Amino acid sequence: MNATKLIGIILIAGGCLGLAYGGFSYTKETTGVKLGPLELKVQEKERINVPLVVSAGAIVLGVFLLVVGRK
């Protein structure tokens with residue numbers, strides 16, 4: 001399996017995940033207040049939305065790379 005086929009498969013899988021979930025979220029931890037030895041940590045939940053066009057484009061590009069990789 002060459003690199004073109006592998007990248008195509010990864011793009012198709014990522015595009016399908018983007019269509020299914022519409023994005024992903026992660027938790028970011030920051031220091032809110034630091035007063036001497038006391039420290040207050042704040043956890044913020046961030047969400048990244050993946051546009052539908054980007055997901056569909058990744059699938060199309062992945063299929064294109066698989067077709068080109070066959071030749």
Side-chain angles (χ1 to χ4, degrees):
M1 182 180 292
N2 59 12
T4 306
K5 287 183 182 180
L6 183 63
I7 292 171
I9 292 170
I10 291 171
L11 282 172
I12 292 171
C16 289
L17 287 173
L19 286 176
Y21 293 109
F24 60 93
S25 62
Y26 64 94
T27 304
K28 182 172 113 178
E29 187 173 304
T30 58
T31 302
V33 176
K34 189 170 184 181
L35 197 62
L38 298 175
E39 199 172 294
L40 178 65
K41 300 239 181 218
V42 179
Q43 290 185 346
E44 298 177 29
K45 195 167 190 176
E46 301 279 335
R47 176 148 176 88
I48 305 286
N49 293 323
V50 177
L52 182 65
V53 174
V54 173
S55 298
I59 293 172
V60 169
L61 184 60
V63 169
F64 176 75
L65 288 176
L66 283 179
V67 170
V68 169
R70 280 187 166 173
K71 296 179 181 181

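Atom set for the values below is all heavy atoms of this structure, side chains included, hydrogens, waters and symmetry mates excluded. Just so we're clear, the structure is a prediction, and the values are computed from it rather than from any experiment.
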Rounded distance (nearest 0.5 Å) linking atom CZ of Phe64 with atom CD1 of Ile12: 12.5 Å

Donor-acceptor contacts under 3.5 Å from residues 36-61 side chains, at least two apart:
{"unit_1": "Glu39", "atom_1": "OE2", "unit_2": "Lys41", "atom_2": "NZ", "d": "3.0"}
{"unit_1": "Gln43", "atom_1": "NE2", "unit_2": "Glu29", "atom_2": "OE1", "d": "3.4"}
{"unit_1": "Arg47", "atom_1": "NE", "unit_2": "Asn49", "atom_2": "OD1", "d": "3.3"}
{"unit_1": "Arg47", "atom_1": "NH2", "unit_2": "Tyr21", "atom_2": "O", "d": "3.4"}

Non-neighbouring partners of Ile7 that pass side-chain contact (heavy atoms from CB on, under 4.5 Å), sequence neighbours left out: Leu11, Leu65

